[in-house]
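Input: a single structure, listed below in structure tokens.
Quick note on labels: first sequence line is chain A, next is B, and so on, each numbered from 1. Values in this document were obtained by computation on a predicted structure and should not be read as measured data.
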There are 2 protein chains.
Amino acid sequence: MTPRQAAACCGPLDDLLDPALFKALGDPTRIRLLGCMIKCGRTCSVSEIAECCVVDFSVVSRHLRLLERAGILGSTKSGRNVSYTVKYSHLSMALRSLAGAIEQCRPSEARAGKGDCCGR
Amino acid sequence: MTPRQAAACCGPLDDLLDPALFKALGDPTRIRLLGCMIKCGRTCSVSEIAECCVVDFSVVSRHLRLLERAGILGSTKSGRNVSYTVKYSHLSMALRSLAGAIEQCRPSEARAGKGDCCGR
DNA sequence: CATATAATTGCATAATGGCACAAATATACA
DNA sequence: TGTATATTTGTGCCATTATGCAATTATATG
């Protein structure tokens, strides 16, 4: 079984390996902001979050919107304040599911040659 | 506790939230290649892997090197062939550890107000 | 209504990154 | 030694994106 042939074998991995999610997490500034929010553990306003970085306020605003569109953050508006919240369960579940799907594909001595394409 | 203050609270999350890893996973072509290799389940040569995509051979070569530098792939050279292998355990562990660290920071009703900064 | 504050949006700029093509390197084989 | 095959590297082009600054919108408050 060549990797080309394995590509035709669809499974849960295909949906979980989402480049858009990782692209959102792949920027140092965004990761910094996200890390602060995760550790903070509560809903935060854009102004508060902007304190975590030396970049311009508008940049932070854009990063947060991007993280929201990626499904990593949720947002609520109250008056003139916009607050963002980490979607803990969604994020950790996405990572854990992917880890599981990868593990499923890992060949073991016991299964060597017994199955192709993620054990199927 | 503001997100700015939470930033000073160092924990396992800081090392696990590595933008370099996510940047490596954040490109559609690279994810495509990686997905093929994961499902294939064996060591593959650059030529084989290049069959998975329509991009130029040189592009694939560079992508594989990048994934290797990110710790996602391992490589061995045998004669004129270079083979890449998915580091299943390393990759799934990195994802699972991150998921765990994120969960640790998630506030629950029981812990509400009891601890700051990832429960500490 | 005027003003202050919170956040977004428009815009220009610079940096980054993916890509194709060509050339170079390395190794196997006749 | 000459040639074929596998892979890497150099280079330029183009699209995307991160950023700062200024202007704008939206809402609260005096």
Side-chain angles (χ1 to χ4, degrees), chain A residues 2-4 17-37 40 42-86, chain B residues 2-4 17-37 40 42-86:
Chain A
T2 67
R4 171 116 174 78
L17 271 182
D18 177 24
L21 170 67
F22 297 120
K23 184 173 284 188
L25 296 172
D27 180 74
T29 304
R30 272 196 298 274
I31 276 288
R32 166 82 179 172
L33 296 172
L34 180 61
C36 291
M37 294 183 68
C40 186
R42 63 168 173 80
T43 293
C44 303
S45 70
V46 179
S47 299
E48 284 179 316
I49 303 168
E51 297 287 319
C52 298
C53 279
V54 291
V55 298
D56 194 79
F57 191 87
S58 65
V59 173
V60 174
S61 174
R62 278 184 240 259
H63 279 313
L64 294 175
R65 277 184 76 86
L66 194 151
L67 288 170
E68 184 192 13
R69 282 195 293 261
I72 298 167
L73 301 179
S75 75
T76 53
K77 183 169 183 177
S78 166
R80 57 185 169 184
N81 298 299
V82 173
S83 293
Y84 284 93
T85 311
V86 176
Chain B
T2 67
R4 169 118 176 79
L17 269 182
D18 178 24
L21 171 65
F22 298 121
K23 186 172 286 190
L25 296 173
D27 178 72
T29 304
R30 273 196 298 275
I31 278 288
R32 164 82 179 174
L33 296 173
L34 180 61
C36 290
M37 294 183 69
C40 185
R42 62 167 173 82
T43 294
C44 303
S45 70
V46 180
S47 299
E48 283 180 317
I49 302 167
E51 297 288 319
C52 298
C53 279
V54 293
V55 298
D56 194 79
F57 192 88
S58 66
V59 174
V60 173
S61 175
R62 276 184 240 258
H63 278 315
L64 293 175
R65 278 184 74 88
L66 194 151
L67 288 170
E68 183 192 14
R69 281 195 293 262
I72 298 167
L73 300 179
S75 74
T76 53
K77 182 169 183 177
S78 166
R80 57 186 168 183
N81 298 299
V82 173
S83 293
Y84 284 93
T85 311
V86 176

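Taking atom CZ of A/Arg32 as the reference point, atom C1' of D/dT19 lies 17 Å away to the nearest angstrom. Atom-to-atom, CZ of B/Arg62 to P of C/dC19 comes out at 11 Å; the value is rounded to the nearest Å. If you take CD1 of B/Ile49 and C1' of D/dA6, they are 13 Å apart, rounded to a whole angstrom. Following rounding to the nearest Å, B/Asn81 (CG) and D/dT8 (C1') show an atom-to-atom distance of 14 Å. Between B/Leu33 atom CG and C/dG18 atom P there is a gap of 12 Å when expressed in whole angstrom units. Atom CG in B/Leu25 sits roughly 16 Å away from atom C1' in C/dG17 (whole-Å rounding). Between A/Glu48 atom CD and C/dT5 atom P the separation is 17 Å, expressed in whole Å. Going from atom CG of B/Leu67 over to atom C1' of D/dT8 covers 16 Å, rounded to whole Å.
For the OP1/OP2 pair of D/dT9 and a distance below 4.0 Å, the side-chain nitrogens and oxygens of B/Arg65 include at least one atom meeting the criterion. For the pair B/His63 and C/dC19, the criterion of a side-chain N or O lying under 4.0 Å from OP1 or OP2 is met. For A/Arg30 and D/dA18, the shortest distance from a side-chain N or O to OP1 or OP2 is below 4.0 Å. Taking only side-chain nitrogens and oxygens, A/Thr29 comes nearer than 4.0 Å to OP1 or OP2 of D/dT19. Checking the phosphate oxygens (OP1, OP2) of C/dG17, a side-chain nitrogen or oxygen of B/Lys23 falls inside 4.0 Å. OP1 or OP2 of D/dT8 lies within a sub-4.0 Å distance of a side-chain N or O belonging to B/Ser61.
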Subject >> side chain to side chain contact (heavy atoms under 4.5 Å, CB included) evaluation trace for A/Ile49 with A/His63 >> reply: CA-CA 11 Å; A/Ile49 303 168; A/His63 279 313; over 6 Å; no
Original post:
What's the verdict on side chain to side chain contact (heavy atoms under 4.5 Å, CB included) for A/Cys36 and A/Arg32, showing C-alpha distance, side-chain angles and the deciding distance?
Top reply: CA-CA 6 Å; A/Cys36 291; A/Arg32 166 82 179 172; 4.3 Å; yes
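Each of D/dT8, C/dA20, D/dT5 was ranked by its minimum atom distance to the side chain of B/Val59; first place goes to C/dA20. Of the listed nucleotides (C/dT8, D/dT19, D/dC21), D/dC21 has the atom at the smallest distance from the side chain of A/Asp56. The nucleotide whose nearest atom lies closest to any side-chain atom of B/Val55 is, among C/dC19, D/dC21, D/dT19, C/dC19. You'll find that the side chain of A/Ser47 is closest to C/dA6, out of D/dG20, C/dA6, D/dA6. The listed nucleotides are C/dT8, D/dT19, D/dA26; the one nearest the side chain of A/Tyr84 is C/dT8. Of the candidate nucleotides D/dT7, C/dC21, D/dT19, D/dT7 has the atom lying nearest to any side-chain atom of B/Val82.
Listed by first and then second residue, the side-chain hydrogen bond (donor to acceptor under 3.5 Å, both in side chains) pairs involving residues 70-81 of chain A are A/Glu68-A/Ser75 (not counting sequence neighbours).
Residue B/Arg80 places a side-chain atom within donor-acceptor reach of the base of D/dT5, judged by atom type and a 3.5 Å distance cut-off alone.
Heavy-atom distances to DNA chain D give each of A/Ser58 and A/Gly79 a nearest nucleotide, and the one nearer the 5′ end belongs to A/Ser58. Both A/Phe57 and B/Ser83 lie close to DNA chain D; mapped to their nearest nucleotides by heavy-atom distance, the more 5′-ward contact belongs to B/Ser83.
Residues B/Leu25 and B/Ile72 meet the side-chain proximity criterion, which asks for heavy atoms closer than 4.5 Å. Looking at B/Phe57 and B/Val46, their side chains come closer than 4.5 Å, going by heavy atoms from C-beta outward. With contacts defined as side-chain heavy-atom distances shorter than 4.5 Å, the pair B/Leu66/B/Arg30 qualifies.
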